[in-house]
A.B. asks: 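Structure incoming, see below.
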Amino acid sequence: MADADQPKKRTFRKFTFRGVDLDALLDMSTDELVDMLTARARRRFQRGLKRKPLALIKKLRKAKKDVPAGEKPEPVRTHLRNMIVVPEMIGSV
């Protein structure tokens, strides 16, 4: 009966990208990460990120920094549909 009173713990899926887990991806330099991406994403990074994608990354970093540890940051609104998802955007909890 004691088990019925406590809610079941949720297990979250471990995020991996091409066999590398999220912690290792976060520790990688940008050059190491770019080597793992597909050709289109590599080309985009080599040509440099423009103003809007860099502004989005700045907003994301600021939102993560302003939150105490273990809390979820406020969502960052954007219209950048063609932004490449980088590891620092994932796993904000």
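Numbers here are sequence positions counted from 1.
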A.B. asks: Could you pull out the closest heavy-atom pair between R44 and N82, with the gap in Å?
C.D. replies: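 Looking at all heavy atoms of both residues, the shortest contact is NH1-O, 2.7 Å.
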A.B. asks: Where do A63 and E74 come nearest, in terms of heavy atoms and distance?
C.D. replies: CB-O, 4.2 Å
A.B. asks: So L49 and I84, side chain to side chain contact (heavy atoms under 4.5 Å, CB included) or not? Walk me through it.
C.D. replies: CA-CA 10 Å; L49 294 176; I84 298 168; 5.5 Å; no
A.B. asks: Mind checking the CG-OG1 spacing from L56 to T78? Nearest 0.5 Å is all I need.
C.D. replies: 4.5 Å
A.B. asks: Have a look at M28 and tell me which of L26, L25, D31 forms a side-chain contact (heavy atoms from CB on, under 4.5 Å) with it.
C.D. replies: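 Answer after filtering L26, L25, D31: L25.
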A.B. asks: Indicate yes or no: at least one non-hydrogen side-chain atom of L33 is less than 4.5 angstrom from one of P87.
C.D. replies: yes
A.B. asks: Count I, L, V, M, F, W, Y as connected when their side-chain heavy atoms are under 4.5 Å apart, and connections chain through other members. Are L60 and V67 then in the same cluster?
C.D. replies: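 Cluster IDs for L60 and V67 differ.
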A.B. asks: Got R43 and R47 here, is their nearest side-chain heavy-atom distance under 4.5 Å?
C.D. replies: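 The answer is yes; the side chains approach within 4.5 Å.
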A.B. asks: Which pair of non-hydrogen atoms, one from R42 and one from L37, has the smallest distance, and what is that distance?
C.D. replies: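 Where R42 meets L37 most closely, the heavy atoms are NH1-O, 2.7 Å.
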A.B. asks: Tell me whether E71 contacts the main-chain N or O of P68 through its side chain, where contact means a donor paired with an acceptor under 3.5 Å.
C.D. replies: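 Side chain of E71 to backbone of P68, a donor-acceptor pair under 3.5 Å: no, none is there.
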A.B. asks: Any side-chain heavy atom of F15 within less than 4.5 Å of one from D21?
C.D. replies: no
A.B. asks: Got V20 and M36 here, is their nearest side-chain heavy-atom distance under 4.5 Å?
C.D. replies: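 A side-chain contact under 4.5 Å exists here.
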A.B. asks: Is the shortest side-chain heavy-atom distance between V85 and F17 below 4.5 Å?
C.D. replies: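 Counting from C-beta outward, V85 and F17 never come under 4.5 Å.
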